A.B. asks: 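Take a look at the following structure, please.
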Amino acid sequence: MSQPTAKPATGPFPDGFLWGGATAANQLEGAYAEGGKGLSIQDVMPHGIMTPPTEGPTQENLKQVAIDFYHRYAEDIALFAEMGFKVFRFSIAWSRIFPNGDDAEPNEEGLAFYARVLDELEKHGIEPLVTISHYETPLNLARTYGGWTNRALIGFYEHYCRVLFERFGSRVKYWLTFNEINSITHEPFISGGIPVPRAELTEQDLYQAVHHELVASARATRLAHELIPDARIGCMIVAVPVYPLTPSPDDVVKAMDLAHASYAFGDIHCRGAYPGYLLRHFRDNGIELDITDQDREDLTHTVDFVSFSYYMSICESADPRAEKGPGNIIGGVPNPTLEASEWGWQIDPQGLRVIINDYWERWQKPLFIVENGIGAKDVLVEAEGSLTVEDDYRIDYMNDHLVQVREAIADGAEVLGYTSWGCIDIVSATTAQLSKRYGFIYVDRNDDGTGTLERYRKKSFGWYRDVIASNGAVVDNGVTVA
Ligand code: BG6
């Protein structure tokens, strides 16, 4: 059979496509000790994932104030509405609701804050998309319990989910259980609250923690289905397509092995059981997990959709001399054909089409791109009497990625929506900088903590507004909607 000719897909995206932006509580809210909030692991990570956690909170931690969304949420949501957002992804800070993680009763002040955020979103007709746990495990659960290595966290998490579903279930219809759940095997502290450096953590303890999170995610899914029958609950994965560095079968197999390490999380969330290649990894490495019959039953409660972040692809090589480059959580061997961002993350719009096709064919579940964007050093300039950023590089990056989303939809994949990462400038997760900016909205705050916190619309603000207003029709054809 001859190959179908792929004419470039053009025109609008599917009706009801959910356009918007994404954030996480610890990176934008600030008010780290207000409103009865307890400490989270982020409060002892002033330098992102680069250096070991500090004993307690320190003032150099930009996240203590972040961009002060806690007090400015109404103004920020109004700006999102001005761009026409259909959806806003944000996380609930677990330690605002349960300051120690293991408390019996929730903190009403924390719940009241998110109720106010939801009021504001409703006022503007913006659908909330809530991440239940985004790298924000309460510090007490890390320090006292060893994070997700401890089975007790399943119960604490389920209790937290029950409170969220009971309080907000009538208002929130899209839920994500854990941000980038597969990142735990790379960054056990930020992702799993495990206070043991990766190099010292045994594979046994690591995979037991993975198992606990997977069971917790499945239990949350079951609970959401019981308590909010019209809700859709999804998993969230760091999507990093892995290409073999060369056509050598050795490289192809190495690339397959590395891809499996992430696929496993989606396979379990979508198929309800451990895949054979992961069971083999356990056998080969003498890993014997504590898996109860109840766990096995819990895991059969599969998600309604798969969401993921996409920033870059990587290569893998069987040659031990091939060196890894910088990248998002899962760094890989750099691809000699690609350019990179100022932080060394390689830019590969077609990788997004590849991964959407992969996931769609593998799981046959609707997909949601809940993070994508470029971190860049923006410069505020004066234009037509107001301050702005001429961020054509951001427009190009997002445009090129959206072209590929449209291609993947034309290939047959069901894609629910697209929320660009850091739709307003926030503190970076990996480097804890504010100068690594992703937003359509510039926030006047610098890495040394100075700045007025004023907000300014970047050039990309108007571009994204046009994208949304045309339901994606302006993507890659240069036509601006009046
Ligand atoms: C994702 C995280 O890995 O990447 C976000 O879910 C993070 O929390 C984003 O901010 C971008 O990474 P960074 O380090 O540039 O902020």
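Please read these numbers as outputs of a predicted model, since none were measured by experiment.
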A.B. asks: Please give me the minimum heavy-atom distance between A209 and I184, naming the atom from each residue.
C.D. replies: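 Of all heavy-atom pairs spanning A209 and I184, the closest is CB-CD1, 4.1 Å.
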
A.B. asks: Are D425 and R445 close enough for a salt bridge, meaning some N to O gap below 4.0 Å?
C.D. replies: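 Result for this pair is no, no salt bridge flagged.
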
A.B. asks: Closest heavy-atom contact between A231 and W175?
C.D. replies: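 Minimum heavy-atom separation between A231 and W175: CB-CD1, 4.2 Å.
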
A.B. asks: Would you compute the distance between atom CG of L367 and atom CZ of F308 and round it to the nearest 0.5 angstrom?
C.D. replies: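 The CZ atom of F308 is 6.0 Å from CG of L367, to the nearest 0.5 Å.
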
A.B. asks: For S217 and H269, test the side chains for any donor-to-acceptor distance below 3.5 angstrom and give the result as yes or no.
C.D. replies: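 S217 vs H269: donor-acceptor pair found between side chains.
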
A.B. asks: Check whether any side-chain heavy atom of I126 lies under 4.5 Å from a side-chain heavy atom of K86, and answer yes or no.
C.D. replies: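 Side chain of I126 against side chain of K86, heavy atoms only: no contact under 4.5 Å found.
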
A.B. asks: To the nearest 0.5 Å, what is the distance between OG1 on T221 and CZ on R232?
C.D. replies: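 With rounding to 0.5 Å, OG1 (T221) is 13.5 Å from CZ (R232).
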
A.B. asks: Establish, yes or no, whether a centroid distance under 6.0 Å links the rings of F90 and F69.
C.D. replies: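 No.
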
A.B. asks: Output, in order, the C-alpha distance, side-chain angles, deciding distance and verdict of side-chain hydrogen bond (donor to acceptor under 3.5 Å, both in side chains) for E371 and T419.
C.D. replies: CA-CA 6 Å; E371 287 188 31; T419 57; over 6 Å; no

A.B. asks: Please find out if less than 6.0 Å separates the ring center of Y418 from that of F368.
C.D. replies: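 So the answer is no for these two rings.
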
A.B. asks: So, using side-chain contact (heavy atoms from CB on, under 4.5 Å) as the criterion, who are the partners of E339 when residues are at least two apart?
C.D. replies: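 E339: no side-chain contact (heavy atoms from CB on, under 4.5 Å) contacts found.
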
A.B. asks: Working to the nearest 0.5 Å, report the span between OH of Y207 and NE2 of H281.
C.D. replies: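 If I round to the nearest 0.5 Å, the distance is 4.0 Å.
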
A.B. asks: Picking from D257, D250, D251, what satisfies side-chain contact (heavy atoms from CB on, under 4.5 Å) with V253?
C.D. replies: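 Exactly one candidate clears the test, D257.
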
A.B. asks: Check whether more than 12 heavy atoms from other residues, nucleotides or ligands sit under 6.0 Å from atom CD of E203, and answer yes or no.
C.D. replies: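 Enclosed.
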
A.B. asks: Stepwise, does the side-chain hydrogen bond (donor to acceptor under 3.5 Å, both in side chains) test hold for E180 with Y135?
C.D. replies: CA-CA 9 Å; E180 298 185 332; Y135 297 161; 2.5 Å; yes

A.B. asks: Any side-chain donor-acceptor pair under 3.5 Å between N179 and R89?
C.D. replies: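 N179 vs R89: donor-acceptor pair found between side chains.
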
A.B. asks: Could you go step by step and tell me if D102 and Y145 meet the side-chain contact (heavy atoms from CB on, under 4.5 Å) rule?
C.D. replies: CA-CA 10 Å; D102 57 358; Y145 294 87; 2.7 Å; yes

A.B. asks: Run the side-chain contact (heavy atoms from CB on, under 4.5 Å) test on Y174 and D304 for me, step by step, so that the C-alpha distance in whole Å, both residues' side-chain angles and the decisive distance to 0.1 Å come before the verdict.
C.D. replies: CA-CA 10 Å; Y174 290 92; D304 302 315; over 6 Å; no

A.B. asks: Check the side chains of S91 and E136 for a donor-acceptor pair under 3.5 angstrom, ignoring hydrogens and angles.
C.D. replies: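 Side chains of E136 and S91: pair found under 3.5 Å.
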
A.B. asks: Please verify the inter-ring angle class for F80 with F85; under 30° counts as parallel, over 60° as perpendicular, anything in between as tilted.
C.D. replies: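 F80 and F85: parallel rings.
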
A.B. asks: Do Y438 and N372 get their side chains close enough for a donor-acceptor pair, meaning under 3.5 Å?
C.D. replies: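 Absent: no donor and acceptor within the cut-off.
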
A.B. asks: How are the rings of Y263 and W363 set to each other: parallel, tilted or perpendicular (split at 30° and 60°)?
C.D. replies: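 Judged by the thresholds at 30° and 60°, the geometry between Y263 and W363 is perpendicular.
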
A.B. asks: Calculate, to the nearest 0.5 Å, the distance between atoms CD1 and CG belonging to I194 and L206 respectively.
C.D. replies: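 Result: 6.0 Å between the selected atoms.
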
A.B. asks: Evaluate E414 against L416 for side-chain contact (heavy atoms from CB on, under 4.5 Å), listing each step before the verdict.
C.D. replies: CA-CA 7 Å; E414 184 180 349; L416 298 174; 4.1 Å; yes

A.B. asks: Is R96 close enough and on-axis enough to F113, meaning under 6.0 Å and within 45°, for cation-pi?
C.D. replies: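 R96 over F113 ring: yes.
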
A.B. asks: Should the ring pair W94 and Y160 be called parallel, tilted or perpendicular, given that the plane angle runs from 0 to 90° and is split at 30 and 60?
C.D. replies: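 Plane angle under 30°, so parallel.
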
A.B. asks: Using every non-hydrogen atom in the two residues, find where P244 and A255 come nearest and quote the distance to one decimal.
C.D. replies: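 Scanning both residues, the minimum pair turns out to be N-CB, 3.9 Å.
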
A.B. asks: Decide if atom CD of Q350 counts as having more than 12 heavy atoms of other residues, nucleotides or ligands within a radius under 6.0 Å.
C.D. replies: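 Not buried by this count: 12 neighbours or fewer within 6.0 Å.
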
A.B. asks: For T337 and N335, test the side chains for any donor-to-acceptor distance below 3.5 angstrom and give the result as yes or no.
C.D. replies: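 A donor-acceptor contact under 3.5 Å links the two side chains.
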
A.B. asks: Just how far is it from atom CD of E29 to atom CG of D68, taken to the nearest 0.5 Å?
C.D. replies: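 Separation between the atoms: 10.5 Å.
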
A.B. asks: Determine whether the side chains of N61 and T58 contain a donor N or O and an acceptor N or O closer than 3.5 Å.
C.D. replies: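 Short answer, no.
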
A.B. asks: For L176 versus C235, what's the shortest heavy-atom pair and its separation?
C.D. replies: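 Scanning both residues completely, I find the closest heavy atoms to be CD2-O, 4.3 Å.
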
A.B. asks: With distance as the sole criterion, is a donor-acceptor pair present between the side chains of Q294 and D298 under 3.5 Å?
C.D. replies: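 Distance-only check passes for Q294 and D298.
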
A.B. asks: Is it the case that the side chains of Y157 and H212 hold a donor-acceptor pair, with the cut-off being a distance below 3.5 Å and no angle test?
C.D. replies: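 The criterion, which ignores hydrogens and geometry beyond distance, is not satisfied for Y157 and H212.
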
A.B. asks: Any heavy-atom pair between the side chains of W148 and I154 that's under 4.5 Å?
C.D. replies: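 Yes; the side chains approach each other to less than 4.5 Å.
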
A.B. asks: Run the numbers on W421 and H134 for ring-ring contact (aromatic ring centres under 6.0 Å, His included), then give the verdict.
C.D. replies: CA-CA 13 Å; W421 178 251; H134 191 128; 5.7 Å; yes

A.B. asks: If I compare all heavy atoms of Q204 with all of G286, which pair ends up nearest, and what's the gap?
C.D. replies: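 Q204 and G286 have their closest heavy atoms at OE1-O, 4.0 Å.
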
A.B. asks: Tell me yes or no: between the side chains of D391 and S460, is some donor less than 3.5 Å from an acceptor?
C.D. replies: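 Yes.
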
A.B. asks: Any chance you could lay out the ring-ring contact (aromatic ring centres under 6.0 Å, His included) test for F98 and H159, step after step, and finish with the verdict?
C.D. replies: CA-CA 10 Å; F98 288 99; H159 183 39; 5.0 Å; yes

A.B. asks: With side chains defined as the heavy atoms from C-beta onward, is the minimum distance between N107 and I97 less than 4.5 Å?
C.D. replies: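 No. Closest side-chain heavy atoms not under 4.5 Å.
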
A.B. asks: Has R437 got its NZ or CZ under 6.0 Å from the middle of the six-membered ring of Y442, at an angle within 45 degrees of the ring axis?
C.D. replies: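 Yes; both conditions hold, so R437 lies above the ring face of Y442.
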
A.B. asks: Quick one: pull up OG1 in T177 and CE in M236 and give me the separation to the nearest 0.5 Å.
C.D. replies: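 The OG1 atom of T177 sits 10.0 Å away from the CE atom of M236.
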
A.B. asks: Would you indicate whether the side-chain heavy atoms of M45 and F189 approach each other to under 4.5 Å?
C.D. replies: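 Side chain of F189 against side chain of M45, heavy atoms only: contact under 4.5 Å found.
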
A.B. asks: Determine whether S435 and D447 satisfy the following criterion, side-chain hydrogen bond (donor to acceptor under 3.5 Å, both in side chains), listing intermediate values before the conclusion.
C.D. replies: CA-CA 6 Å; S435 55; D447 288 346; 2.5 Å; yes

A.B. asks: Please state whether the rings of W345 and Y311 are parallel, tilted or perpendicular, taking 30° and 60° as the class boundaries.
C.D. replies: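 Ring orientation, 0 to 90° scale: perpendicular.
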
A.B. asks: Could you tell me if N182 and S262 have a donor-acceptor pair between their side chains, going purely by distance under 3.5 Å?
C.D. replies: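 Looking only at side-chain atoms, N182 and S262 do form a donor-acceptor pair, the distance falling under 3.5 Å.
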
A.B. asks: Is any side-chain heavy atom of R271 closer than 4.5 Å to a side-chain heavy atom of R362?
C.D. replies: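 Yes, their side chains come closer than 4.5 Å.
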
A.B. asks: Do K365 and W360 form a cation-pi contact, if we require the NZ or CZ to be under 6.0 Å from the six-membered ring centre and within 45 degrees of the ring's axis?
C.D. replies: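 Checked: cation-pi criterion not met.
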
A.B. asks: For a ring-ring contact (aromatic ring centres under 6.0 Å, His included) check, start with the C-alpha distance between Y397 and H401, then their side-chain angles and the critical distance, and finish with the verdict.
C.D. replies: CA-CA 6 Å; Y397 178 100; H401 283 76; 4.0 Å; yes

A.B. asks: Is it the case that the side chains of Y32 and N26 hold a donor-acceptor pair, with the cut-off being a distance below 3.5 Å and no angle test?
C.D. replies: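 Side-chain D/A pair, N26 to Y32: absent.
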
A.B. asks: Indicate yes or no: at least one non-hydrogen side-chain atom of R353 is less than 4.5 angstrom from one of I356.
C.D. replies: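 The answer is no, as the side chains (C-beta and beyond) never meet within the 4.5 Å cut-off.
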
A.B. asks: Verify side-chain contact (heavy atoms from CB on, under 4.5 Å) between F156 and D103, making sure each step is shown before the conclusion.
C.D. replies: CA-CA 8 Å; F156 300 141; D103 319 71; over 6 Å; no

A.B. asks: More than 12 foreign heavy atoms under 6.0 Å from CG of D293: is that the case here?
C.D. replies: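 Not more than 12 within 6.0 Å, no.
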
A.B. asks: Can you see which heavy atom on Q64 is nearest to which on P57, and at what distance?
C.D. replies: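 In this case the closest contact between Q64 and P57 is NE2-CB, 3.6 Å.
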
